[in-house]
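The structure appears below as structure tokens.
Residue numbers start from 1 in every chain, and the chains themselves are labelled A, B, ... in the order their sequence lines are given, proteins ahead of strands.
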Amino acid sequence: MDAITLSNLTLQNHAIKARMYAQTVTTTLAQTDATVIRFDTIDYDPSGCLSLDPTNGFTAPVNGIYLFCAHTAYNCGGTSGTHFSNFGMSGSSATVFRHDIHRATNIGALTLGEHGIIVQRLVPGDFVNFQVAQFLGTTPTTYTGSQYTWFEAYMLRQL
Amino acid sequence: MDDLQLLLLEQQNNPVVAAVWNNTGANLPGVGSNTVFPFDNVSASTGGDANANFTLSASTAAQYVAPVTGLYFMAFNVGTTTSGTANSWFQTVVQVVSAVTGTAEVYNCGRRPMFSTNGTMRCNGARLIKFYQGDVVTILFGNNSGTTNAAATGEGEAWATFVLMRPL
């Protein structure tokens with residue numbers, strides 16, 4: 001077996017990768033506070049790391065460096081203001097409790113997409129979720145569908 | 001030993017990770033300038049920098065030097081703590097100075113508009129890219145706001161992480 005084949009085989013059998021999305025559940029985004037995005041459907045999660053609504057997050061099973069990506073979208077309702085999204089974290093090793101990964105201002109009735117990525121070292125039991133905060137003057141509702149509101153996790157390296 | 005155990009063993013013995021963040025900040029010129037974003041602290045909570053691949057600087061000289069030729073994953077988050085002018089844009093650019101040819105290549109990693117002065121900015125991005133041993137990598141932040149903005153600070157606000165995925 002050559003190196004590429006071995007690499008592909010081992011990656012395919014790598015257990016710690018996960019994806020979930022919001023099929024029907026929506027999230028109402030309160031003003032000023034970071035609201036945890038809700039999910040109701042798991043695409044794949046062979047290690048059982050994901051928890052759906054009302055918990056809505058990923059629990060690290062082993063010590064390692066993890067990659068997280070997430071996205072959601074909503075209509076700002078025609079008002080101007082600032083919006084931003086975070087990956088929230090909690091756990092025994094997490095000294096960083098919030099990654100501010102998307103921040104912008106808008107005007108008018110726009111559909112806004114919140115998208116970001118982080119790399120984070122976690123120990124078993126650390127918990128990560130996806131949050132969005134906004135100062136638009138309204139309380140928009142997130143879009144549903146696997147293309148709009150999703151959360152992915154992948155362990156880059158075990159430590 | 002099965003394949004998964006072999007992969008994990010390989011990864012455990014190849015911990016080339018550099019994670020840094022910006023604590024003290026620096027000014028970022030406006031009007032289209034691309035300035036090296038300052039990183040001045042190792043992020044131990046993310047993965048540290050055991051091999052000292054990152055040169056830190058509170059001014060504008062922070063840079064990463066690739067320790068081996070390989071496929072790297074890099075993610076970053078940069079921005080400002082001061083508002084720009086209305087209808088301006090902010091962007092991040094990754095610059096690689098080749099150890100082989102000495103030439104610099106830049107890769108744009110996103111540009112974001114700011115429609116009013118009532119806000120600050122974050123640019124988040126990632127790249128999967130091949131580096132040659134000795135390549136010097138910097139993360140630049142640029143804008144055309146016409147004003148000088150302060151770099152965002154904080155371990156959750158302004159950071160960069162490099163992970164060697166596989167030597168080549």
Side-chain angles (χ1 to χ4, degrees), chain A residues 1 3-16 62-70 80-89 91 93-108 110 114-123 126 135 154-159, chain B residues 2-12 14-17 19 21 43-48 73-81 83-84 86-90 110 112-127 152 154-166:
Chain A
M1 185 181 297
I4 298 299
T5 303
L6 178 61
S7 173
N8 288 336
L9 186 62
T10 52
L11 288 172
Q12 287 167 7
N13 287 287
H14 204 306
I16 302 174
V62 298
N63 189 358
I65 295 179
Y66 293 79
L67 168 68
F68 295 95
C69 307
S80 304
T82 299
H83 52 100
F84 55 92
S85 53
N86 309 289
F87 281 98
M89 300 175 54
S93 73
T95 58
V96 179
F97 283 90
R98 185 168 292 170
H99 279 285
D100 185 349
I101 44 86
H102 184 139
R103 182 181 296 196
T105 61
N106 71 284
I107 55 174
L110 299 172
E114 301 278 347
H115 176 254
I117 186 170
I118 65 169
V119 177
Q120 185 66 38
R121 179 177 182 171
L122 302 175
V123 301
D126 280 351
F135 300 84
Y154 188 85
M155 187 181 75
L156 290 175
R157 187 178 301 283
Q158 189 175 23
L159 296 174
Chain B
D2 62 24
D3 294 334
L4 181 57
Q5 289 174 314
L6 185 60
L7 175 66
L8 296 178
L9 185 64
E10 173 192 323
Q11 292 182 340
Q12 287 165 2
N14 186 25
V16 181
V17 179
W21 62 285
S43 182
S45 67
T46 298
F73 181 81
M74 53 177 296
F76 51 83
N77 205 66
V78 298
T80 68
T81 58
S83 298
N87 301 312
S88 56
W89 52 254
F90 294 75
R112 179 162 296 170
M114 176 179 283
F115 292 111
S116 75
T117 58
N118 182 29
T120 55
M121 183 63 63
R122 296 291 183 274
C123 286
N124 176 263
R127 282 192 64 91
E155 195 165 7
E157 308 291 328
W159 48 264
T161 303
F162 290 71
V163 179
L164 173 63
M165 301 298 289
R166 185 169 300 280

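- Of all heavy-atom pairs between A:V119 and B:A75, the closest is CG2-CB, 3.7 Å.
- The candidate with the highest count of non-hydrogen atom pairs below 4.5 Å against chain A, out of B:V163, B:N77, B:V78, is B:N77.
- With sequence neighbours left out, B:A160 forms a side-chain contact (heavy atoms from CB on, under 4.5 Å) with B:V20, B:F39, B:F76, B:I139, B:F162.
- Remark: B:A19 pairs with B:S43, B:T46, B:T161 by the side-chain contact (heavy atoms from CB on, under 4.5 Å) rule, at least two apart or across chains.
- For A:I118, the parts lying under 4.5 angstrom from a heavy atom of chain B are both the backbone and the side chain.
- Within the model, atoms CZ of B:F73 and CG of A:L67 stand 4.5 Å from one another, a figure rounded to the nearest 0.5 Å.
- Heavy atoms closer than 4.5 Å to chain A are found in the side chain of B:W159, but not in its backbone.
- Only the side chain of A:I65 comes within contact range of chain B, with at least one heavy atom under 4.5 Å from a heavy atom of that chain.
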